[in-house]
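Reviewing the structure listed below.
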Amino acid sequence: MEGAESMAENGDALYSTSLTNIERLLHRAPYAIVTVVLRLRGRVNERSLREAVAALVLKYPRLASRLAPGEDGTLRLTTEGAGEPWIRTVPRESPDHWIRAVDESCRVPFDFEARPPVRFLLIEGQRACDVVILCHHVLCDGLSLAWVARDLAARLANPVLEMEPVPDPAPISRANVPAGTRVNGLVRMVIGNMNRRWAREGMTFVQEDYRSLHRAYWERYGHGVHPVALEEAETAALVERCRAHGVTVNSALTAAFVGAQTRVLGQREDLERVAVAVNLRERMPRPPGEGMGFYAGMARPRLRYDGRRGFWENAARYHSAIGRAMTDKALFGELALWTYLDPGLLEAIPFKRLGGLVPAGAPRAARLGAFARREDDVRRMLRRNKMDTLETRISGTAITNLGAFDWPREQGTLGLEGLILKPGGGFPLSTVNLVIGAATAAGRLNLVLEYAAGNLSASQAEEIAGAALELLEC
C-alpha cells in the first residue's frame, strides 16, 4: 500500500510506513491525545491484558511502532527498535477513577523515538474494570481507536483468538482525495514559495523541545472533564425522539450543547461556530476501511441558537447546516493543501502557538520563545485562520460522535457495559469552549465534556450538561 512496506528481519515481519503531512501536523502536539475507555463487567488482570495487546499488534502494527527521523527530514513509523507498548494497572477506586488516571497520564510526555506513543491502563475492580487506551493522534483517530478497543475486548474474552494482519491502509495523500478537491496550479505555486522560504529559514525540533512544550502546556491549561452516561432506556428514547423529528442524534447533541451553553453563558459570537468531526474514509478514492490511521475531517457550520424557537426546531436547523457543510470541498480542501506543504512547516505549528508558554530556565526555552515570536509563514498561516493567539476561541462547540456500535454484549466471562470517548484534538483546548466526545455501545450513550479550566468552571460544565439533557428530553 501507499507509503508502507513490510520487510523481514531475523525472521520477523518489520512494519515501516512514512508519516503523512497531516500526521506530521499532529506530531509533538501536547494536546493531541485521544482516549477511549472500555467498560467491562467481570475480571481482567494485567497478564491477560499484556497477552491481548501482544496479539493485537499483529493486526495493528502502529500500536508497536516508534517514530524514526530520516536524514532527509522524513519521519517514519517503524516497529524496528521500538519498545513494548506501555501497560499499567491501578486499583479501581470509583466509577470515575479513569478521569484522574487519564489526566495523570496525559501530563507525561511520550518518548516518540523510543517507544510507541500509546498507553494501556487497566483500572482493575473486583466485579468490573475499565481498560483505558490513550493514543497520540499521530497514530490514529477516534474511530480507529474504538475498533482497537473492540478487538481488545474480543481477545480478552477469548485468549486463543487469533488476530489476522491487515494491509496498511492508504493514507490521505495528493492522489487519495476526491477529484474536486485537488489543489490548482496557482495555489501550488504560492505553496512552493512558502516551502522554499522554509527551506532557508526553517527550524527543526527535537524530543527535548517537545518535552518542554508539553510540560508548559499542561501546567498552563488543565483539562476539566465532566462525564454523562445515559442508561439503555434513555438512549433508546433519545434515538426515537430524534427519528420522530427527522434529525440525527449527532445533530441533536450539537444543538443541545450549543443551546445549553447559550442558556448558561449567554448569547456569544463564538458559540455560533461549531466543529463537527466527520469520518472521511468512504469519501476517499481508495477507502482505508477499518485500518488504523488518521482519517477525520471537520464540518464547520455557523449558526446562532435561537432561544425563541423550540429545541427540536433548532435541532432541525443545525441538522440542515451540518449537512450543507459536509461537502468534499469543505472537508478535504485544507487537507489537500497540507499535502503540498513542507512537513516541517506543519510540524512547527504547535511550537509557534505554544512556545511562548515555556518558562525561562526550562530546557531550550530561549530557542522556543524566539521562534514563537518570529514573524514567518507559520505565523501568517495561523493569522489567516484567526488561530495566532491562544485566547481566541475558534469554536464554541467541537463534537466527535463515533455513533452506535453493535458489538457483542457478552463474551466469555466478560460483559460490555459501554465505551467512553475523550477525543482530544488538533487544537489547544483553550481555543474551543467545549469539546464533546460521544459513543454508544451496549445500547448506552456515553458523553464526555472536556474544557480548559480558564474557559469554564466545573460547576458551569455540570450546569451545561444538565441543561443539554433537559433540552434533549423535551
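In this chain, numbering begins with 1 at the start of the sequence shown.
Annotation: side chain of Ile322 is not in contact with side chain of Leu303 (no heavy-atom distance under 4.5 Å). In this structure the side chain of Leu421 reaches within 4.5 angstrom of the side chain of Val34, judged on heavy atoms. Using a 4.5 Å heavy-atom cutoff, the side chains of Phe112 and His136 are in contact. Lys352 has its side chain within reach of Asp376: a pair of non-hydrogen atoms, C-beta onward, lies under 4.5 Å apart. You'll find the side chain of Thr339 stays beyond 4.5 Å of the side chain of Leu335, heavy atoms only. Considering only heavy atoms from C-beta on, Val90 stays 4.5 Å or farther from Leu122 through its side chain. In this structure, the side chains of Val274 and Phe257 stay at 4.5 Å or more apart for every pair of heavy atoms. Looking only at side-chain heavy atoms (C-beta outward), Thr397 and Ile436 come within less than 4.5 Å of each other.
Formation of a donor-acceptor pair under 3.5 Å by the Arg50 side chain with backbone atoms of Ile87 is found in this model. Arg62 places a side-chain N or O within donor-acceptor distance of the main-chain N or O of Leu139, the cut-off being under 3.5 Å. The backbone N or O of Val44 lies less than 3.5 Å from no partner atom in the side chain of Ser48, so there is not a single donor-acceptor pair. Between the Ser212 side chain and the Ala362 main chain, no donor and acceptor come within less than 3.5 Å of each other. At distances below 3.5 Å, not a single donor-acceptor pair connects side-chain atoms of Arg24 with backbone N or O atoms of Glu347. With Thr392 contributing its side chain and Thr389 its backbone, the two residues share no donor-acceptor pair below 3.5 Å. Of the possible donor and acceptor atoms, none in the side chain of His223 sits under 3.5 Å from a partner among the backbone N and O of Trp218. Of the possible polar contacts, one joining the His214 side chain to the Cys106 backbone as a donor-acceptor pair under 3.5 Å is found. Side-chain N or O atoms of Asp388 include none that pairs as donor or acceptor with a backbone N or O of Arg379 at under 3.5 Å. For the pair Thr431 (side chain) and Ile394 (backbone), a donor-acceptor distance under 3.5 Å is absent.
The heavy-atom pair separating Cys242 from Ala252 by the smallest distance is SG-CB, 3.6 Å. In terms of heavy atoms, Arg28 sits closest to Leu213 at O-CD2, 4.2 Å. In terms of heavy atoms, Asn314 sits closest to Arg309 at ND2-O, 3.5 Å. Across all non-hydrogen atoms, the minimal contact from Leu143 to Leu402 is N-CD2, 3.7 Å. Residues Leu67 and Pro69 share a closest heavy-atom pair of O-CD, 3.7 Å. Here the shortest heavy-atom pairing between Val378 and Ala348 reads CG2-CB, 4.3 Å.
Cation-pi geometry between Arg317 and Tyr305 is not met: the NZ or CZ atom fails to fall both under 6.0 Å from the ring centre and inside 45° of the normal. Judged by a 6.0 Å distance limit and a 45° cone about the ring axis, Arg283 is not positioned over the six-membered ring of Tyr295.
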message: Between Arg302 and Glu269, is the salt bridge (charged side-chain N to carboxylate O under 4.0 Å, His left out) condition met? List the steps.
response: CA-CA 10 Å; Arg302 182 164 184 168; Glu269 190 267 344; 2.2 Å; yes

message: Please evaluate residues Arg39 and Asn446 with respect to the criterion side-chain hydrogen bond (donor to acceptor under 3.5 Å, both in side chains), reporting the C-alpha separation (whole Å), side-chain torsions for both, the decisive distance (0.1 Å), and the verdict.
response: CA-CA 11 Å; Arg39 314 212 82 167; Asn446 276 288; 5.2 Å; no

message: Under the criterion salt bridge (charged side-chain N to carboxylate O under 4.0 Å, His left out), I'd like the reasoning laid out for Arg300 against Glu334: C-alpha separation, chi angles, the key distance, then a yes or no.
response: CA-CA 12 Å; Arg300 299 181 180 278; Glu334 192 171 41; 5.3 Å; no

task: Please assess Arg281 against Asp141 for the test side-chain contact (heavy atoms from CB on, under 4.5 Å), listing each intermediate value before the final yes or no.
output: CA-CA 11 Å; Arg281 287 168 171 79; Asp141 55 19; 3.1 Å; yes

- prompt: Does the pair Thr262 and Arg304 meet the rule for a side-chain contact (heavy atoms from CB on, under 4.5 Å), with working shown?
  reply: CA-CA 9 Å; Thr262 301; Arg304 172 175 287 212; over 6 Å; no

From CA spacing to verdict: salt bridge (charged side-chain N to carboxylate O under 4.0 Å, His left out), Arg100, Asp103: CA-CA 5 Å; Arg100 172 161 49 90; Asp103 182 72; over 6 Å; no

task: Apply the test side-chain contact (heavy atoms from CB on, under 4.5 Å) to residues Phe332 and Met284: give CA-CA distance (whole Å), side-chain angles for both, the deciding distance (0.1 Å), then the verdict.
output: CA-CA 10 Å; Phe332 283 91; Met284 296 165 60; 4.0 Å; yes

- request: Apply side-chain contact (heavy atoms from CB on, under 4.5 Å) to Arg383 and Glu375, showing your working.
  value: CA-CA 11 Å; Arg383 188 178 294 128; Glu375 184 67 29; 2.9 Å; yes

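Summarising the geometry, atom CG belonging to Leu56 is positioned 6.0 Å from atom CG belonging to Asp151; distances are rounded to the nearest 0.5 Å. Atoms CG and CG, on Leu152 and Leu49 in that order, are 6.0 Å from each other to the nearest 0.5 Å. Going from atom CZ of Arg241 over to atom CZ of Phe311 covers 9.0 Å, rounded to the nearest 0.5 Å. Expressed to the nearest 0.5 Å, how far CG of Leu354 lies from CZ of Phe371 amounts to 11.5 Å. With rounding to the nearest 0.5 Å, the separation of CD in Glu290 from OH in Tyr60 is 6.0 Å. In this structure, CD on Glu313 lies 10.5 Å from CZ on Arg308, to the nearest 0.5 angstrom.
Under the 30°/60° scheme for interplanar angles, the aromatic rings of Phe205 and Phe351 are found to lie parallel. Classification of the Tyr221-Tyr217 ring pair by plane angle, with boundaries at 30° and 60°, yields tilted.
A salt bridge is absent between Arg88 and Glu104; no separation between the charged side-chain nitrogens and carboxylate oxygens falls under 4.0 Å. Under a 4.0 Å N-O distance rule, the pair Glu410/Arg41 qualifies as a salt bridge.
Annotation: Asn385, atom CG; neighbour count of heavy atoms from other residues, nucleotides and ligands within 6.0 Å is above 12. Annotation: Glu124, atom CD; neighbour count of heavy atoms from other residues, nucleotides and ligands within 6.0 Å is above 12. The number of heavy-atom neighbours closer than 6.0 Å to CD of Glu46, taken from other residues, nucleotides and ligands shown, is above 12.
For His245, the ring pair (Phe, Tyr, Trp, His ring centres under 6.0 Å) partners at least two apart in sequence or on another chain are Trp312.
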